[in-house]
Number of protein chains: 2
Amino acid sequence: MTTANSQARGRSTRQRTAVSSLLDEVEDFRSAQDLHDLLKQRGESVGLTTVYRTLQALADAGEVDVLRTQDGEAVYRRCSQGHHHHLVCRACGRTVEVEGPAVERWAGRIASEHGFTDVSHELEIFGTCGPCTLAARG
Amino acid sequence: MTTANSQARGRSTRQRTAVSSLLDEVEDFRSAQDLHDLLKQRGESVGLTTVYRTLQALADAGEVDVLRTQDGEAVYRRCSQGHHHHLVCRACGRTVEVEGPAVERWAGRIASEHGFTDVSHELEIFGTCGPCTLAARG
DNA sequence: ACGCAATTGACAATCATTGTCATCTGAGTT
DNA sequence: AACTCAGATGACAATGATTGTCAATTGCGT
Ligand SMILES: [Zn+2]
Ligand SMILES: [Zn+2]
Ligand SMILES: [Zn+2]
Ligand SMILES: [Zn+2]
């Protein structure tokens with residue numbers, strides 16, 4: 001019989017461990033390619049295809065958040081579990097998780113008022129963080 | 001001298017007119033490829049490259065809104081001028097423009113609380129519209 | 001140690017988007 | 001109306017992220 005606790009997470013491999021623990025250390029949103037390069041630098045080389053698949057699996061499992069940069073590239077970040085949004089610095093990528101219960105309610109109400117079902121939403125706030133604001137002033 | 005009123009909009013060509021007036025008629029978010037196909041159907045054929053360039057110009061001029069589908073494809077729609085958000089059907093693209101003054105205030109407050117400046121935000125609500133919900137039930 | 005299904009990764013394939021560049025054309029000028 | 005030429009077009013190639021393929025590898029239960 002299977003050891004019951006590994007919640008449909010598949011086998012434990014060197015590659016998955018490497019990707020997962022890298023995500024624990026990096027705190028900004030990063031592309032699959034970025035993460036792949038970082039792994040190579042650290043000598044924990046993992047095939048690019050595997051990086052993509054692992055990230056996808058983690059995203060499906062809700063363990064990482066995915067969003068898209070302005071040019072459509074997917075970027076990943078390990079976030080806290082519950083539903084939340086992001087305040088992201090355009091200059092350096094610094095990210096703060098934020099919550100807005102009122103926004104959640106508002107979105108749900110708007111959607112149902114218009115007869116939409118199976119509702120979800122995406123909300124990101126972009127700006128220039130304190131340090132970057134200072135840096136930009138010289 | 002130039003006729004002064006054409007606000008840096010470039011020349012008036014058959015192709016640009018075709019794309020622009022197509023956008024007036026279509027009310028959902030559509031990809032460049034979709035719009036290109038629609039034009040072909042209508043006998044107003046326009047090169048795909050030109051469709052892309054025209055959409056980009058319109059987007060830069062703030063005359064169309066752009067957002068990305070879940071798989072990263074850019075979709076375009078002629079919207080009203082002011083700041084607003086969208087309620088979009090995942091299945092058919094049907095779109096409703098929505099406003100949320102409270103959300104605007106919330107986003108600004110959150111950002112300044114964290115020392116961010118030059119703030120903007122993106123907010124889209126996704127769901128299945130009434131007709132598509134019915135269709136999905138058979 | 002054994003056996004096999006899950007996993008990996010080099011490589012090819014896909015697909016939206018952008019770059020190239022020879023050709024065409026809008027719109028002033030004569 | 002004919003002339004000019006910078007801006008515009010479009011067929012085609014190139015890019016770049018992501019996904020598909022499949023033979024070789026490996027985790028893990030036996
Ligand atoms: Zn910053
Ligand atoms: Zn939310
Ligand atoms: Zn619909
Ligand atoms: Zn807003």
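Residue numbers start from 1 in every chain, and the chains themselves are labelled A, B, ... in the order their sequence lines are given, proteins ahead of strands.
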Between atom [atom1] in [X] and atom [atom2] in [N], what is the gap in whole Å?
X: A/Lys40; N: C/dT8; atom1: NZ; atom2: P; answer: 17 Å
X: A/Arg14; N: D/dG27; atom1: CZ; atom2: C1'; answer: 14 Å
X: A/Leu48; N: C/dT7; atom1: CG; atom2: C1'; answer: 16 Å
X: A/Arg68; N: D/dG16; atom1: CZ; atom2: P; answer: 18 Å
X: B/Arg16; N: C/dC24; atom1: CZ; atom2: C1'; answer: 14 Å
X: A/Leu55; N: C/dG9; atom1: CG; atom2: P; answer: 13 Å
X: A/Tyr52; N: C/dT14; atom1: OH; atom2: C1'; answer: 13 Å
X: B/Gln70; N: C/dC15; atom1: CD; atom2: C1'; answer: 18 Å

Original post:
Looking at A/Gln33, does any N or O in its side chain come under 4.0 Å of the phosphate oxygens OP1/OP2 on D/dA17?
Top reply: yes

Original post:
Within the structure, does a side-chain N or O atom of A/Gln56 lie under 4.0 Å from either OP1 or OP2 of D/dT19?
Top reply: yes

Where the side chain of [X] is defined as all heavy atoms beyond and including C-beta, which of [options] is the nearest nucleotide?
X: B/Thr49; options: D/dT18, C/dG9, C/dG19; answer: C/dG19
X: A/Gln15; options: C/dG9, D/dG10, C/dT7; answer: C/dG9
X: B/Glu73; options: D/dT18, C/dA16, D/dT9; answer: C/dA16

**OP:** Would you classify B/Ser31 as touching base, sugar-phosphate or nothing, given that sugar-phosphate means primed atoms plus P, OP1 and OP2, and contacts are heavy atoms under 4.0 Å?
**Re:** nothing

Subject >> Sugar-phosphate only, base, or nothing, as touched by A/Thr50 at under 4.0 Å among non-hydrogen atoms >> reply: base

Subject >> Residue mapping more 5' on DNA chain D - nearest nucleotide basis, A/Arg53 or A/Ala74 >> reply: A/Ala74

**OP:** Kindly give the heavy-atom pair with the smallest separation between B/Gly82 and B/His84, and that separation in Å.
**Re:** O-ND1, 2.7 Å

Original post:
So which heavy atom on B/Phe116 is nearest to which on A/Arg94, and how close?
Top reply: CZ-O, 4.4 Å

**OP:** Return yes when atom CD of B/Gln70 has more than 12 non-hydrogen atoms of other residues, nucleotides or ligands closer than 6.0 Å, and no otherwise.
**Re:** no

**OP:** Please say whether more than 12 non-hydrogen atoms of neighbouring residues, nucleotides or ligands are located less than 6.0 Å from CD in A/Glu113.
**Re:** yes

Subject >> Any donor-acceptor N/O pair under 3.5 Å between D/dC28 base and A/Ser12 side chain >> reply: no

**OP:** Mark yes or no for a side-chain to base donor-acceptor pair under 3.5 Å between A/Arg11 and C/dA5, with no hydrogen or angle criteria applied.
**Re:** yes

Subject >> Result of checking A/Glu27, A/Glu97, A/Glu63 against A/Arg78 for salt bridge (charged side-chain N to carboxylate O under 4.0 Å, His left out) >> reply: A/Glu63

